[in-house]
Asker: 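After the structure tokens below, expect a handful of questions from me.
The sequence lines fix the lettering, A, B, ..., with proteins before strands; numbering per chain opens at 1. Since we're looking at a predicted model, the values are computed, not measured.
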There are 2 protein chains.
Amino acid sequence: MSKIAPISGFPEYSPAQRIVEQRFLDVIRETFELHGFASIETRSIEPVERLSSQGEDADKEIYGVRRLADESADAKWGLHFDLTVPFARYVLEHAGTLEFPFRRYQIQKSWRGERPQEGRYREFTQADIDVVGAGTLPAHYEAEFPLVIADVFAKFPIGDFVIRVNNRKILSGFYAGLGIADAQGTIRVVDKLDKIGPDAVRELLRERGLTGEQADACLRLAQISAADTSFVGQVRALGVEHPLLDEGLTDLAAVIEVGAAHVPGRVVADLRIARGLDYYTGTVYETQIVGREDWGSVAGGGRYDALASDGRTTYPGVGISIGVTRILGLLFGAGELSASRSTPSVVLVAVNDEAERAASTAVATALRARGIPCEVAPTADKFGKQIRYADRRGIPYVWFSRADGDQVKDIRSGEQVPADPAVWQPPAQDLRPQVTRSGD
Amino acid sequence: MSKIAPISGFPEYSPAQRIVEQRFLDVIRETFELHGFASIETRSIEPVERLSSQGEDADKEIYGVRRLADESADAKWGLHFDLTVPFARYVLEHAGTLEFPFRRYQIQKSWRGERPQEGRYREFTQADIDVVGAGTLPAHYEAEFPLVIADVFAKFPIGDFVIRVNNRKILSGFYAGLGIADAQGTIRVVDKLDKIGPDAVRELLRERGLTGEQADACLRLAQISAADTSFVGQVRALGVEHPLLDEGLTDLAAVIEVGAAHVPGRVVADLRIARGLDYYTGTVYETQIVGREDWGSVAGGGRYDALASDGRTTYPGVGISIGVTRILGLLFGAGELSASRSTPSVVLVAVNDEAERAASTAVATALRARGIPCEVAPTADKFGKQIRYADRRGIPYVWFSRADGDQVKDIRSGEQVPADPAVWQPPAQDLRPQVTRSGD
């Protein structure tokens, strides 16, 4: 039998950490639903052919799947490495029964065989929202999506955050206006700015054939950032002209204005944001936790004019993906998040004697009927031992059935008071485990 | 590019079906937590060696997983085919930090490469509860688990159900008392009773070397069933004696008594229940939907004296697994379940003019702040078209911003009334999509 050991890149949480994860997932789901996104899940596998058509680097990271009994056959299927490829296939497969624009969210695991490191995993959960149109999709969705993400992140116990927004038309138009032929290639180089710094980016741009002036202009554009529409004037001051640039500036100004009106301070124009993926065609987003900019983006996405196409109809979309396992991995790694107990139980119902277990079960049943999570003690040990059972799990209350009337003890304060299982209610902050950030 | 097509055995739901699935999963999670079970999730993969040590038939159903870049290597990992094997490994891996008895629930997908059919899938969700002790585990947990399952199923929109219970000690003791040497082999044959009928079982038992009298006694035992402890007298009347039989009868009587006291009518002693798996050593459970006995068991499990062992400590447990995808597949297949709408949105906020979209967004923000899921219309079309957008999704209310005060229209009745986004509340039954069983 193989040794029992963790598998690198496949994180598993303790029961208390899982409570933190569930709280994050509940916030995400509840908020996505408040914004009218419908849930779907897709199967975990896709045909390898569909997965591997997505780009040069993707192939070697795909996990192939086949029955052990069919080992000789080539893998036909692979585990999906994101939720966008399966969603595009789902839209094409079910286009006849879906209503467009289709607003969906999807919270599922994905798998990538890349080298694991903190905040980067081989099995990870992502939470995606997308809106997809059949043929056309109005630009106002590009302004709406940061409002949804801001609503989610404001409910996370992670402090301040900012959603950085750019528009690929600004980059493409600006580069074209400068006379640079290869906009995509230039975008990919400028995208490395945070990682390698301006000098190295300038050098790489020169290697691609840009003049020093062109490279400097690209770098100056990337340095522009503003929480209001003042970025438009700053770009204009660089003196580059192109119709696509005009279009991009108008679109980004609209996104920033909506953000400033509805979630002030959260949405910032940042002209260095590029997102390497070729399929983005308009607005692009990244999200940073303030003070943790070194963690990079924890939620990103953008506008794509062709999420999918069946030859007759093209489906444009806007999407953002929250890296749930990434955020949790970084926060757990920094020791910043914890839960007040390792179980949902808020009450342990003590047992006087095994012959009286039914009475304790009746108390538990009465509490549960009113939505109070609880459990009955495992054995009719001395009460001190039953209290320690609760204490080790962080269960705050122990219930005693007594001939002269039931009592409940808050084992944190030691206070013990008469209580009736038909009416007693724990304080609201005790009902569910508390999730706190250290320092809160 | 591969043709877009479903993959047999990997079900995907429509947004409305997914709302039904979420409702089932919410009921399960909420009820498990009310009963003090803590959630864990395990990674999707285990070492193949660990998976394939579980039994003769399991091997060929395992899906091996490896990076496409490593195609030549043997598969080291496989997708888990249930939640018990990974949980046993999790307990051994984390025994040092877990508190025992450890009550956990786990709701995750599993994968099996078997032939798909209705109610049997290759990718499926199970919802498991287990309690595991270190060294020992009191018998009262065997009586507690049917209470949890009864609490869950009573909240499902599936009508009447019954949890059938037996005890492996009764079978082993009875067979030993009859002088049958191979109790496990006999159990596996009697387990086929529902599928192949008593005559075929009798023949198979004779083929295994049982006398006609022994085989008849086995069949008579299997016909005993009672919702109270009267089954004890019926077994005694068969005249077989064995200490293990006595122990099993006492244990099963205790389970039935607790069931009768706390969830009357739900827990029935049924001495034909065997559950083929060798690792069960005490109580075994199966759950049937009344009127749908042909669907077989939709939630089953039992007591096992050795879930896991590290050589020093053995971990006994009691567990039950709910076949969520199986239940939904059968109910969807029978056309019995539906949701009242395909989106969480209860309100569509109409847009008068694209220039006034911000006003509609402000209404939506106010509604969301009070927990009312809604969305803003995709385009400032004629109101008739905006109403049809809501109608096609089953969204019951459309909100109009008007200079003389906002109004909200119930598009089912046509009634339109003045409304303030800071105070208006939809009726409770409209707030979430309704999940109904046909005939309700």
Side-chain angles (χ1 to χ4, degrees), chain A residues 1-2 4 7 10 12 14-15 18 22 33-36 38-45 47-50 53 59-60 62-69 75 78 89-90 92-93 97 99 101 103 109 113 123 138 140 261-262 342-345 357-358 361 365 368 373-375 378-379 392-393, chain B residues 1-2 4 7 10 12 14-15 18 22 33-36 38-45 47-50 53 59-60 62-69 75 78 89-90 92-93 97 99 101 103 109 113 123 138 140 261-262 342-345 357-358 361 365 368 373-375 378-379 392-393:
Chain A
M1 176 61 71
S2 52
I4 302 274
I7 298 180
F10 290 79
E12 282 186 339
S14 69
R18 170 67 180 152
Q22 284 182 303
E33 293 188 353
L34 282 173
H35 286 262
S39 176
I40 69 159
E41 286 200 341
T42 56
R43 63 194 186 215
S44 300
I45 58 163
V48 163
E49 214 187 349
R50 180 159 300 277
S53 63
D59 274 36
K60 54 182 187 203
I62 297 170
Y63 284 113
V65 169
R66 67 186 141 192
R67 288 202 306 135
L68 289 186
R89 190 263 313 153
Y90 183 95
L92 290 177
E93 186 173 330
T97 56
E99 297 289 346
R103 297 164 74 84
K109 293 196 168 76
E123 178 174 57
H140 63 73
H262 295 284
S342 63
T343 164
S345 295
R357 179 168 290 275
T361 300
T365 302
R368 287 172 190 140
C374 59
E375 63 191 272
T379 46
R392 280 200 305 274
R393 287 158 179 78
Chain B
M1 175 63 70
S2 51
I4 301 274
I7 298 179
F10 290 79
E12 282 186 339
S14 69
R18 170 66 180 153
Q22 284 182 302
E33 293 188 353
L34 282 173
H35 286 261
S39 176
I40 68 160
E41 286 200 343
T42 56
R43 63 195 185 213
S44 301
I45 58 163
V48 162
E49 215 188 346
R50 179 160 299 277
S53 63
D59 274 38
K60 54 182 186 200
I62 297 169
Y63 284 113
V65 169
R66 66 187 141 190
R67 288 202 306 135
L68 289 186
R89 189 263 314 151
Y90 183 94
L92 291 176
E93 186 172 330
T97 56
E99 298 288 345
R103 299 164 74 86
K109 293 196 168 76
E123 178 174 58
H140 62 73
H262 296 284
S342 63
T343 163
S345 296
R357 178 168 291 276
T361 300
T365 301
R368 288 172 189 140
C374 60
E375 62 191 273
T379 45
R392 280 198 306 273
R393 288 156 179 79

Asker: Side chain from CB out, backbone as N, CA, C, O: work out which of these in A:Thr42 comes under 4.5 Å of a heavy atom of chain B, or both, or neither.
Answerer: both

Asker: Which atoms of A:Ser44 are under 4.5 Å from chain B, going by heavy atoms: the side chain, the backbone, both sets, or neither?
Answerer: both

Asker: Heavy atoms, side chains only, cut-off 4.5 Å: are A:Lys109 and B:Glu41 in contact?
Answerer: yes

Asker: Where does B:Pro138 contact chain A at under 4.5 Å (heavy atoms): side chain, backbone, both or neither?
Answerer: side chain

Asker: Could you have a look at B:His35, B:Arg89, B:Glu375, B:Glu123 and say which one has the most heavy-atom pairs with chain A under 4.5 angstrom?
Answerer: B:His35

Asker: Would you please name every residue forming a side chain to side chain contact (heavy atoms under 4.5 Å, CB included) with A:Ser39, sequence neighbours left out?
Answerer: A:Tyr105, B:Arg18, B:Gln22

Asker: Would you mind telling me which of A:Leu92, A:Thr97, A:Val48, A:Ile45 has the largest number of heavy-atom pairs within less than 4.5 Å of chain B?
Answerer: A:Ile45

Asker: What closest approach, in Å, do B:Ile7 and A:Pro47 show between heavy atoms, and which atom pair accounts for it?
Answerer: CD1-CD, 4.4 Å

Asker: For the backbone of A:Arg43 and the side chain of B:Glu12, can you confirm whether one donor and one acceptor N or O come within less than 3.5 Å of each other?
Answerer: yes

Asker: Please classify the contact of B:Ala261 with chain A as side chain, backbone, both or neither, using a heavy-atom distance under 4.5 Å.
Answerer: neither

Asker: Between A:Glu93 and chain B, which part of the residue has a heavy atom less than 4.5 Å away: side chain, backbone, both or neither?
Answerer: both

Asker: Checking B:Thr365 now: which residues fulfil side chain to side chain contact (heavy atoms under 4.5 Å, CB included) with it, not counting sequence neighbours?
Answerer: A:His262, B:Thr361

Asker: Is there a donor-acceptor pair closer than 3.5 Å between any side-chain N or O of A:Arg368 and the backbone N or O of A:Cys374?
Answerer: yes

Asker: Does any heavy atom of chain A fall under 4.5 Å from the side chain of B:Arg392, the backbone, both, or neither of them?
Answerer: both

